[in-house]
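Just below is one structure, and these are the notes that go with it.
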Amino acid sequence: MRTLIKNIKELVQVEYQPRLRVCGKDMAKMETVKDAYLLIEDEKIKAFGPMSQLTHSSALAGTSPNLGEELNGADIVVDATGRMVFPSFCDSHTHLVYANSRELEFVDKIRGLSYEEIAKRGGGILNSAKATAAASEDELYDMAQRRLEDVMRLGTGAIEIKSGYGLTTESELKLLRVIRRLKENSPLTIKSNFLGAHGIPMEYRGHQEDYVDLVINEMIPLVASEGLADFIDVFCDQGFFTVQDTERILEAGIKHGMKPKIHANEMAVSGGVQVGVKYGAISVDHLEQMGDAEIECLKGAETMPTILPGCAFFLNLPLSPARKMIDAGLPVAMASDYNPGTAPSNNMQLILSMACIRYRLTPEEAFNATTINTAYAMGVSDCLGSIAVGKRANFYITKPISTYEYMPYAFGENKVESVYINGRRI
Ligand code: NIG
Ligand code: FE
């Protein structure tokens with residue numbers, strides 16, 4: 001089936017030679033085509049270019065000789081006059097499967113308690129774990145499925161989802177099976193991440209290495225035997241898991257075919273960045289606390305530094321030094337961290353705005369940070385994250401807007417009018 005989107009005011013973030021990620025100065029570069037068309041065949045991007053090609057297609061070098069025929073033979077033609085087309089956001093860090101919201105802790109925080117203080121008294125992640133234990137797999141699935149639907153309508157086309165609100169073997173498996181069902185039933189590209197080492201259950205306080213043993217000896221083998229996780233994650237931070245715990249868990253996960261991703265340096269300079277790079281993590285995430293050594297360590301690494309602006313906003317944390325990282329030649333990705341405790345927002349359009357407003361990224365850098373670089377951080381940038389021939393046709397059409405800079409500028413407004421996933425309007 002062929003779909004032709006024509007009269008696009010501006011087709012944004014096109015790539016003629018697709019890259020897997022964008023680093024340093026290149027983050028400021030973003031190509032667009034004004035007055036453009038986009039041709040989709042089945043679930044993939046078949047061609048794009050200026051509208052003038054539609055009328056003079058036979059004269060164009062480098063395009064299919066049958067382009068005119070292909071365009072004229074489209075099954076569906078959409079007129080996007082006044083509207084822009086963008087590749088879908090990739091959200092490479094979420095905790096979207098959870099049982100309860102936590103707005104009462106939000107009020108505790110307003111009254112002065114810190115995130116760590118709430119966690120110490122058994123709130124936070126343990127609060128969510130309690131509610132997860134009480135919920136059935138079907139209940140969790142229904143809630144998550146509805147959240148995923150909302151995420152999709154806001155322009156996200158690929159998402160990574162973590163477990164980590166289980167903290168027992170049974171509950172962690174339950175969460176991962178929910179993610180597997182989401183993968184099976186949703187058109188979105190979904191990656192699953194086993195985050196058994198998300199919090200330390202009360203009964204393991206003071207001897208957390210025993211919980212680490214449980215993660216390594218019981219949970220990881222079972223998760224692997226059911227093929228439930230693409231990634232393995234650890235909350236490596238002050239008051240949570242140590243570098244030594246992290247090394248042990250990553251080694252076990254890697255042995256079972258899972259690629260590391262790390263929660264690092266949210267509360268303190270935790271050693272999480274270094275341990276992530278050492279074990280070839282695909283990304284290290286949060287990074288509110290970054291010294292020069294952390295930036296140095298990421299230079300030349302395959303690991304994507306990923307900032308979570310929604311979490312820093314919600315917890316009033318210091319801001320990750322995104323500008324300094326980009327100026328040092330590093331790539332930077334930005335994801336939502338969508339979760340009930342530290343970032344209860346599903347909205348990547350808002351992350352795009354925060355990238356510019358709070359972290360001083362230019363709009364071009366912000367688009368790269370929330371699409372191609374987040375696609376890299378979840379291992380899908382070969383097929384998603386930009387508009388390129390052969391890539392998956394996950395994109396959105398905006399409402400009529402004036403410029404692409406309007407997207408981050410008009411924070412809080414939903415600028416997405418229609419969404420296409422795998423070439424189909426949803
Ligand atoms: O990424 N930092 C650790 N984990 C989550 C928060 C989890 C929670 O509080 O529920 C995060 O911010
Ligand atoms: Fe997180």
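FYI, the numbering just counts along the sequence from 1.
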Would Glu226 and Arg177 count as a salt bridge (charged side-chain N to carboxylate O under 4.0 Å, His left out) if you check the C-alpha gap in whole Å, the side-chain angles of each, and the deciding distance to 0.1 Å?
CA-CA 9 Å; Glu226 287 189 44; Arg177 289 184 188 128; 2.6 Å; yes
Salt bridge (charged side-chain N to carboxylate O under 4.0 Å, His left out) for Arg121 and Asp108? Distances and angles first, verdict last.
CA-CA 12 Å; Arg121 64 167 201 203; Asp108 288 338; 2.7 Å; yes
Report the C-alpha distance between Cys311 and Leu317 in whole Å, list the side-chain angles of each, state the deciding distance to 0.1 Å, and finish with yes or no for side-chain contact (heavy atoms from CB on, under 4.5 Å).
CA-CA 8 Å; Cys311 173; Leu317 297 177; 4.2 Å; yes
Criterion ring pair (Phe, Tyr, Trp, His ring centres under 6.0 Å) on Phe235 and Phe241, from CA distance to verdict
CA-CA 6 Å; Phe235 189 4; Phe241 293 89; 7.9 Å; no
Please lay out, stage by stage, how Lys109 and Leu315 fare under the test side-chain contact (heavy atoms from CB on, under 4.5 Å).
CA-CA 8 Å; Lys109 277 182 219 128; Leu315 295 186; 3.7 Å; yes
Lys299 vs Leu330, test: side-chain contact (heavy atoms from CB on, under 4.5 Å). Steps then yes/no.
CA-CA 6 Å; Lys299 284 187 186 165; Leu330 296 183; 4.0 Å; yes
I would like to know whether Glu137 and Arg181 meet side-chain contact (heavy atoms from CB on, under 4.5 Å); could you show each step before the answer?
CA-CA 10 Å; Glu137 187 182 312; Arg181 280 169 70 183; 3.2 Å; yes
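A donor-acceptor contact closer than 3.5 angstrom links the side chains of Asn414 and Gln349. Residues Glu251 and Tyr279 bring a donor and an acceptor atom of their side chains to less than 3.5 Å of each other. Inspection of the Glu294 and Gln289 side chains reveals no N or O donor paired with an N or O acceptor under 3.5 Å. Side-chain contact of Ser283 with Asp285: a donor-acceptor pair under 3.5 Å is present, judged by distance alone. One side chain, Asp233 or Asn193, offers a donor N or O that lies under 3.5 Å from an acceptor on the other. Ser92 and Glu160 form no side-chain donor-acceptor contact under 3.5 Å, judged by distance and modelled atom types alone. Counted by atom type alone, Tyr211 and Asp245 present zero donor-acceptor pairs between their side chains at under 3.5 Å. A donor-acceptor pair shorter than 3.5 Å cannot be found between the side chains of Asp237 and Asn265. A side-chain donor from one of Glu364 and Tyr404 sits under 3.5 Å from a side-chain acceptor of the other. In this model, no donor atom of one side chain and acceptor atom of the other lie less than 3.5 Å apart for Thr94 and Lys162. Looking only at atom types and distance, the side chain of Gln145 has no donor-acceptor partner in the side chain of Ser186 under 3.5 Å away.
Ring centroid separation for the pair Tyr204 and His207 comes in under the 6.0 Å cut-off. For Tyr420 and Phe395, the distance between ring centers is under 6.0 angstrom. Between Tyr37 and Phe48, a ring centre-to-centre spacing not shorter than 6.0 Å is recorded.
We find the NZ-CZ distance between Lys9 and Arg83 to be 10.5 Å, quoted to the nearest 0.5 Å. In this structure, CD1 on Ile401 lies 9.0 Å from CD on Glu10, to the nearest 0.5 angstrom. Distance CG/Asp142 to CZ/Arg147: 10.5 Å, rounded to 0.5 Å.
Remark: of the listed residues Lys183, Lys261, Lys259, Arg180, Lys183 is the sole one forming a salt bridge (charged side-chain N to carboxylate O under 4.0 Å, His left out) with Asp230. Just one of Arg323, Arg360, Lys29 meets the salt bridge (charged side-chain N to carboxylate O under 4.0 Å, His left out) condition when paired with Glu365; it is Arg323.
When all heavy atoms of Ser336 and Ser345 are compared, the pair lying nearest together is CB-O, 4.0 Å. Across Leu298 and Val284, no two heavy atoms sit closer than the pair CD2-CG2, 4.0 Å.
Around NZ of Lys120, the count of heavy atoms belonging to other residues, nucleotides or ligands within 6.0 Å does not exceed 12.
Using bins of under 30°, 30° to 60° and over 60° for the plane-to-plane angle, the ring pair His198/His263 lands in the tilted bin.
Ion pair Lys324/Asp292 flagged as a salt bridge, since at least one NZ, NE, NH1 or NH2 atom sits closer than 4.0 Å to an Asp/Glu carboxylate oxygen. For Arg248 and Asp213, the salt-bridge test passes: some basic side-chain N is under 4.0 Å from an acidic carboxylate O.
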What side-chain donor-acceptor pairs closer than 3.5 Å can you find for residues 163-170, not counting sequence neighbours?
unit_1	atom_1	unit_2	atom_2	d
Ser163	OG	Glu172	OE1	2.6
Ser163	OG	Leu195	N	3.0
Thr168	OG1	Ser171	N	3.1
Thr168	OG1	Ser171	OG	3.4
Thr169	OG1	Glu218	OE2	2.5

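Proximity of Tyr359 to Ile307: side-chain heavy atoms (C-beta onward) are separated by under 4.5 Å at one or more points.
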